[in-house]
Amino acid sequence: MPENETYQPTDFIREFVKEDLASGRFTYVHTRFPPEPNGYLHIGHAKAISISFGIAEDFHGKTNLRFDDTNPLKEKMEYVDAIQEDVRWLGYDWEDRLFFASDYFEQLYEWAKELIKKGKAYVCELSDEEIREYRGTQEFDEQGNRVTPPGKNSPYRDRPIEENLDLFERMRNGEFADGSKTLRAKIDMAHPNLNMRDPVMYRIMHAEHYRTGNQWCIYPMYDWTHGQSDSIEGITHSICDVGFENHRPLYDWYIRELGIFPSRQIEFGRLHLTYTVLSKRYLRQLIEEGHVSGWDDPRLPTIKGMRRRGFTPEAIRAFCKRIGISKSDGIVEIQQLEHCLREHLNQTAPRVMAVLNPLKVVITNYPEQQEEELEAINNPEDPTAGTRKVPFSRELYIERDDFMEEPPKKFFRLSPGREVRLRYAYFVACQEMIKDDKGEIVELRCTYDPATRGGDAPDGRKVKATLHWVSARHAVKAEVRLYEYLFTKEDPFDLKEGEDWKTNLNPHSLTVLSNCYVEPDMAAAQAGYRCQFERLGYFCKDPDSTPERPVFNRTVALKDTWKKIQQKTD
RNA sequence: UGGGGUGUAGACGAAUGGUAAAGUCACCGGUCUUUGGAACCGGAGUUUGAAGGUUCGACUCCUUCCACCCCAGCCA
């Protein structure tokens, strides 16, 4: 990858891979990213993607994209497309290796028959409730605590092989109703790992699959699909989150019984981030209940949302790399993510001046009709970004926060009688404040020093502050959307008795400012354009923009030590 | 309860029996600055979940305990 992610991360998965190569267990490295197309990707997936693609890359191997689409009730082509777009946007390439578990249905069916013939699988007619009962997982002691006695065998467990074969074929042929029968692996009903107590391999579902249509009415379960799919593709290291750790014995069991290529499953701890939720279930709930506008709401940790917010793929990748990989289930502070974002945007985002809460300034000694263009640096971090011309005139807007009638000790900005610099323009001094009936300041009268054009005083005098500004006559009116954390608590599930997690939703997570002014060029910028509004933060043009009314999302604010000082003195 | 996991500063996370236990974020202080940004310099903080044991030497090996997380779908 071309960006400046220079240090080589080392982690236990890479150690395993190294060992496997050294021992000869594998002679190459091939990973996969296996999303189910039933929702959109979020930053947790980005971590998984970064691990699987990253490891393959480190070991000169390949990574497949495979859709794990074994549940026709939940999956859609729309998600397949969106997921591909997101993975690509993140900067990863699976080349021509796009696969679908649903393409393996026939092979899986054949393998199931093999298992039946080996006496390792049987058609069961227990209902779902009965299966649970027989598994022994529904028992409680006198105190109501869960206990887990050994399960007992299904009465259908010892059906003759021929009968199983016949029944299984008829299951496929659609002779039986949904839920009336299953195919189960014959393992051990007393196994301490519940996944090994005769897991269901196939269930009957007369449902249309988004890819196979009505070709099938039996669908394989995840466990009976995943390992074999890995094996078919020659995947060496099947990297997933710890949620699947207790499925590994079953993963291995199926592969061993079938005698097929032995992919190795390795698990890592899933990502948690402060001030947000990171699971499809909760994200969906926020959307369905209207707490956010959709999967691409810029407040969401979805890839779509983050993209709209103005995140760069580089920042997300740098973050994934920096947080490392382990199996502990910690929670990463969101500041870590913000840092990676600022770091990249600082290098790459062109600077622009924009005033979010305008306060009018009239330069009384500047001629009424005069205007001029001043040269501004596009990005002080990147000389190749060049310069631009910014229009200046008698009437300007500055940020309301940059003026205080009675400034506290550490406030360096404008106040009555004080001189400050207007960035790339002139020194100005405040002479007078105009207030309305309510005592609100509506305008400032200032004078400028023509000798300070460009921002330096020939006499060497200094000012303590530099303000951003915009020419009232030239500026373009814009809408700006400010975002704060979605939740008021680091852990949204930090709740009092009986409280719903959504009570921790931050009512101020979105603030819309509709009276903002930006440099004239911003009207023409494309949606998705990222820049820094000087002294404010990084912003990204939203697709809601029209030529008449550009809309900007605040991606992330600049670090603000003044705010910190204020908070401390409060 | 059974099974599977995890515990190293506020957060993430290195250290593979051998120097005062990396690094990043956050925090604190300073330098510099035409962004109170960036950059740069410096600082504080853990004694490695607890208790025992093995060893010249333990985050690392052993024992016991404690805490937390996950699973107990015909979801993935």
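Worth saying up front: this structure is predicted, and the values here are computed from it rather than measured. Residue numbering restarts at 1 for every chain, and letters A, B, ... go by the order of the sequence lines.
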Could you check how far [atom1] of [X] sits from [atom2] of [N], rounded to whole Å?
X       : N      : atom1 : atom2 : result
L41(A)  : A76(B) : CG    : P     : 18 Å
W562(A) : U33(B) : CH2   : P     : 21 Å
I204(A) : C74(B) : CD1   : C1'   : 10 Å
F533(A) : G37(B) : CZ    : P     : 20 Å

Is there a side-chain polar atom (N or O) of [X] under 4.0 Å from OP1 or OP2 of [N]?
X       : N      : answer
R322(A) : G13(B) : no
S326(A) : C12(B) : no
R197(A) : G2(B)  : no
K559(A) : A26(B) : yes
S328(A) : G5(B)  : no
K327(A) : G4(B)  : no
K568(A) : G29(B) : yes

Contacts table for residues 530-539 of chain A: side-chain donor-acceptor under 3.5 angstrom, sequence neighbours left out:
residue : atom : partner : partner atom : Å
R530(A) : NH1  : F311(A) : O            : 2.9
Q532(A) : NE2  : Y538(A) : OH           : 3.2
E534(A) : OE1  : R423(A) : NH1          : 2.1
E534(A) : OE2  : R423(A) : NH1          : 2.9
R535(A) : NE   : T466(A) : O            : 3.2
R535(A) : NE   : H468(A) : ND1          : 3.3
R535(A) : NH2  : D402(A) : OD1          : 3.0
R535(A) : NH2  : D402(A) : OD2          : 2.2
R535(A) : NH2  : H468(A) : ND1          : 3.4
Y538(A) : OH   : N346(A) : N            : 3.4

Checklist line | Duplex segments of RNA chain B, taken as runs of at least three Watson-Crick or G-U pairs that stay under 3.5 Å | finding: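 Expected stems, ordered by start: B:1-7 with B:66-72, B:10-12 with B:23-25, B:27-31 with B:39-43, B:49-53 with B:61-65.
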Next item on the list: May I ask you to say what E267(A) touches in the nucleic acid, namely base, sugar-phosphate or nothing, with a heavy-atom cut-off under 4.0 Å?
Entry: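 Result for E267(A) = nothing.
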Check: Which is true for E534(A) with a 4.0 Å heavy-atom rule: it touches a base, it touches only sugar-phosphate, or it touches nothing?
Finding: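 The residue E534(A) makes base contact.
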With sequence neighbours left out, write down each residue that passes side chain to side chain donor-acceptor pair (under 3.5 Å) with [X], or none if nothing qualifies.
X       : value
D86(A)  : R307(A)
S471(A) : S393(A)
D223(A) : H247(A)

Checklist line | side-chain hydrogen bond (donor to acceptor under 3.5 Å, both in side chains): pairs with one or both residues in residues 372-385 of chain A, sequence neighbours excluded | finding: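 As it turns out, the side-chain hydrogen bond (donor to acceptor under 3.5 Å, both in side chains) pairs with a partner in residues 372-385 of chain A, which skip direct neighbours, are R351(A)-N379(A), Y366(A)-E372(A), E372(A)-Y426(A), E372(A)-R453(A), E375(A)-T387(A), N378(A)-R388(A), D382(A)-T384(A).
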Would you mind telling me which of [options] lies closest to the side-chain atoms of [X]?
X       : options                : value
T70(A)  : C75(B), C25(B), A76(B) : A76(B)
K410(A) : G37(B), C74(B), G36(B) : G36(B)
P380(A) : U24(B), G37(B), G13(B) : G37(B)

Checklist line | side chain to side chain contact (heavy atoms under 4.5 Å, CB included) partners of T212(A), counting only residues at least two apart | finding: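 So T212(A) forms a side chain to side chain contact (heavy atoms under 4.5 Å, CB included) with S102(A), F105(A), H209(A), Q215(A), W216(A), Y219(A).
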Notebook entry, point to check: Listed by chain and number, what are the side chain to side chain contact (heavy atoms under 4.5 Å, CB included) partners of P408(A), not counting sequence neighbours?
Noted result: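 Checked P408(A) against side chain to side chain contact (heavy atoms under 4.5 Å, CB included); matches are M404(A), F411(A), W562(A).
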Note to self: Please classify the glycosidic conformation of G73(B) as syn (within 90° of 0) or anti (everything else).
What the structure shows: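 Nucleotide G73(B) adopts syn.
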Margin query: Can you confirm whether or not the ring centre of Y282(A) sits under 6.0 Å from the ring centre of F493(A)?
Written below: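 Between Y282(A) and F493(A), the centre distance is under 6.0 Å.
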Item checked: Side chain R413(A) and base G36(B) donor-acceptor under 3.5 Å ->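 For R413(A), whose side chain was compared with the base of G36(B), there is a donor-acceptor pair (under 3.5 Å).
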Item checked: Six-ring centre of F176(A), K181(A) cation under 6.0 angstrom, axis tolerance 45° ->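 The answer is yes, since K181(A) meets both limits relative to F176(A).
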Checklist line | Protein proximity profile, nucleotides 67-73 of chain B - base contact B, sugar-phosphate-only contact S, no contact -, cut-off 4.0 Å on heavy atoms | finding: --S-SBS
Next item on the list: Summarise how protein sits on nucleotides 39-45 of chain B as a single string, 5' to 3': B when a protein heavy atom is under 4.0 Å from the base, S for sugar-phosphate-only contact, - for no contact.
Entry: -------
Item checked: Counterpart residues, salt bridge (Lys or Arg N to Asp or Glu O under 4.0 Å), relative to D241(A) (two or more places apart) ->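 For D241(A) the salt bridge (Lys or Arg N to Asp or Glu O under 4.0 Å) partners, ignoring immediate neighbours, are R270(A).
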Next item on the list: Scan for salt bridge (Lys or Arg N to Asp or Glu O under 4.0 Å) pairs involving residues 242-254 of chain A, sequence neighbours excluded, and state none if there are none.
Entry: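 Of all non-adjacent pairs touching residues 242-254 of chain A, those that pass salt bridge (Lys or Arg N to Asp or Glu O under 4.0 Å) are E245(A)-R248(A), E245(A)-K327(A), R248(A)-E267(A).
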